[in-house]
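The structure appears right after this line, and notes come after that.
Count residues from 1 along the sequence. Whatever order the structure lists them in is the order used to number ligands and atoms, beginning at 1.
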Amino acid sequence: MSTMNRRDFVKLAGAATAVGTVGFPMVGFGAPKASVVVIGGGYAGAIAAKYTKLYVPDAEVTLIERKKEYISHPFSNEVLGGERDMKSLTFTYAGLEKRGLKVLQDEVLDIDIVSKTVKTKGGKSLKADYLIVAPGIEIKWGAIPGYGQEAAELAPHAWEAGPQTLLLKKQIDAMPDGGLLVIVAPANPFRCPPGPYERAAQIAANLTHAGKKKAKIMILDAKDAFSKQALFTEGWKHNYGDMIQWVGASGGGKVMEIDAKTLTAKTEFDDFKANVLNVIPPHRCGAIAAKVGLTDDSGWCPVNQATFESKKAKGVYVVGDSCIAGAMPKSGYAANTQAKVAAANVAGAILGMKIEKPFLTNTCYSLLAHDYGISVAGVYEVGADGVLADVKGSGGISPVGAPLDTRKRESVYGVSWYNNIVSDMFT
Ligand SMILES: Cc1cc2nc3c(=O)[nH]c(=O)nc-3n(C[C@H](O)[C@H](O)[C@H](O)COP(=O)(O)OP(=O)(O)OC[C@H]3O[C@@H](n4cnc5c(N)ncnc54)[C@H](O)[C@@H]3O)c2cc1C
């Protein structure tokens, strides 16, 4: 095992967080004994567990995930488009186990955030020195009147990839030419801001390939603007003509009630009866984080945005969609970089080292067709007010009106992004 002095570690940690998924050189220490439990094995938790173990190989790191296999939400829209199958989204935790982490397939039912004791459905009780909580999101059932768990079996949300994705795909495949598919999009903040609009394009690709060119897709939105709007509008038109229509909140798009039995979305002014109804309802942080007191009134978890340590409990870190991270979107890439910052800070706490303030990164690719991609990228730092904000002059967005060659290259970068990030998570 190699050793490294304090200054080198701190320098490396700063660099690692600046480069996001590019990585952090493996370091080893004769570290004091420490135990770390990570809850949730998704885009945030798998990375937090892996990098904590990389930074402090002597630490006992346990990842608790309720599912045997992880199904990626990113690129699940492409399943709806007929571009991918579920297998290409499905991963086991064997790669992480090979790295010496303990992976426990179990559901966390309770956490004592003071003593850092975790209780599971399988009857286990684990006491840790540090906790990293990464349970993703929970759908707010009933936030739209009429939309509860039973309604989701008729009008799927498909906002957690898995059986819901397959149900929606089946309905799209059975939709008649000339039929209407309605997507109900939520207000901010929500998981994957460009997701509903990429989904519309992918569904249009499916319908077009099936020869159902008279079908219509209507997005009823609870807001008046959305991520990469000009690019989506341009790309929808280019690839699918007038098939996709977007209605913002002030144009009457805010859905007040769902009648799942008749597949009807009711707005203030109109009722829209659909052949397929995809409701993406409001959500909040993963249920376990809310249950144990890690949330504030917003329904999300406040953290020190330079370290991701919870503002509600010392030695407990919250990363990924569950946490409040200033200007960062709730995305898989953001979750990945946040998890690396939390892992570096847990390592720093174990080793008694100060970790520099991080820079965080995010890029969101959206595939509107198999050869048509667009993206937005951001670099973030913590300001004097403690909130993560865009670094001035950094980041960027694909240009409107770019040649098709640019769109094609971005579609290739998007697929490459996916292959790299899941490799970072599971190998
Ligand atoms: C359709 C769609 C497309 C998307 N596309 C992109 C994209 O292209 N790029 C991008 O960057 N992001 C994308 N996202 C967003 C991305 O999926 C999320 O931001 C990301 O998954 C957040 O990671 P997370 O670890 O916080 O949550 P998750 O990945 O959901 O992981 C949470 C994990 O915690 C587990 N868990 C929860 N509670 C417990 C418990 N009590 N006990 C044990 N385990 C528990 C869950 O089973 C789950 O595996 C997309 C999302 C959707 C829905």
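Within 6.0 Å of NZ in K273 there are more than 12 heavy atoms belonging to other residues, nucleotides or ligands.
In terms of protein heavy-atom proximity, atom 3 (C) of ligand 1 is nearest to H73 O, 3.5 Å. The single protein non-hydrogen atom nearest to atom 47 (O) of ligand 1 is E65 OE2, 2.7 Å, given as residue, atom name and distance. Among protein heavy atoms, atom 41 (N) of ligand 1 sits closest to V108 O, 3.0 Å.
When A48, S76, G195 are checked for heavy-atom proximity to atom 1 (C) of ligand 1, S76 turns out nearest. Among F75, F190, Y70, the residue whose heavy atom sits closest to atom 29 (O) of ligand 1 is Y70.
Taking 4.0 Å as the cut-off between side-chain N and carboxylate O, E234 and R407 count as a salt-bridged pair. Comment: E381 does not engage K357 in a salt bridge, judged by the lack of any side-chain N to carboxylate O separation of less than 4.0 angstrom. Between D221 and K254 there is no salt bridge, since no side-chain nitrogen of the basic residue lies less than 4.0 Å from a carboxylate oxygen of the acidic one.
Ring planes of W236 and F232: tilted class, angle from 30 to 60°. A parallel orientation is assigned to the rings of F75 and W417, their planes being inclined by less than 30° (bins at 30° and 60°).
Of all the heavy atoms of D321, the ones lying under 4.0 Å from any atom of ligand 1 are found in both the backbone and the side chain. Of all the heavy atoms of E160, none lies under 4.0 Å from any atom of ligand 1, so neither backbone nor side chain is involved. The proximity of D106 to ligand 1, defined as any non-hydrogen pair under 4.0 Å, is limited to the backbone. Of all the heavy atoms of A134, the ones lying under 4.0 Å from any atom of ligand 1 belong exclusively to the backbone. At a heavy-atom distance under 4.0 Å, only side-chain atoms of W417, from C-beta outward, approach ligand 1. Only the backbone of Y365 comes within contact range of ligand 1, with a heavy atom under 4.0 Å; no side-chain atom does. Looking at K330 against ligand 1, only its backbone comes within 4.0 Å, counting heavy atoms.
Residue contact check: P135 has heavy atoms under 4.0 Å from atoms 32 (C), 34 (O), 37 (C), 38 (N) of ligand 1. With ligand atoms numbered from 1 in the order given, ligand 1 contributes 11 (O) to contacts under 4.0 Å with heavy atoms of Y333. Remark: ligand 1 atoms within the under-4.0 Å shell around heavy atoms of G136 are 26 (O), 27 (O), 32 (C). Close approach of ligand 1 to N77 is summarised as follows: ligand atoms under 4.0 Å from at least one heavy atom of the residue are 1 (C).
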Compile the donor-acceptor pairs under 3.5 Å between side chains in residues 122-134 and protein atoms, sequence neighbours left out, one pair per line.
{"unit_1": "K127", "atom_1": "NZ", "unit_2": "S115", "atom_2": "O", "d": "3.0"}
{"unit_1": "D129", "atom_1": "OD2", "unit_2": "S35", "atom_2": "N", "d": "2.8"}
{"unit_1": "D129", "atom_1": "OD2", "unit_2": "S35", "atom_2": "OG", "d": "3.4"}

Which donor-acceptor pairs under 3.5 Å do the side chains of residues 279-296 make with protein atoms, sequence neighbours left out?
{"unit_1": "H283", "atom_1": "ND1", "unit_2": "P281", "atom_2": "O", "d": "2.9"}
{"unit_1": "H283", "atom_1": "NE2", "unit_2": "R191", "atom_2": "N", "d": "2.9"}
{"unit_1": "R284", "atom_1": "NE", "unit_2": "E138", "atom_2": "OE1", "d": "2.9"}
{"unit_1": "R284", "atom_1": "NH2", "unit_2": "E138", "atom_2": "OE1", "d": "2.8"}
{"unit_1": "K291", "atom_1": "NZ", "unit_2": "L109", "atom_2": "O", "d": "2.6"}
{"unit_1": "D296", "atom_1": "OD1", "unit_2": "S298", "atom_2": "N", "d": "2.8"}
{"unit_1": "D296", "atom_1": "OD1", "unit_2": "S298", "atom_2": "OG", "d": "2.5"}

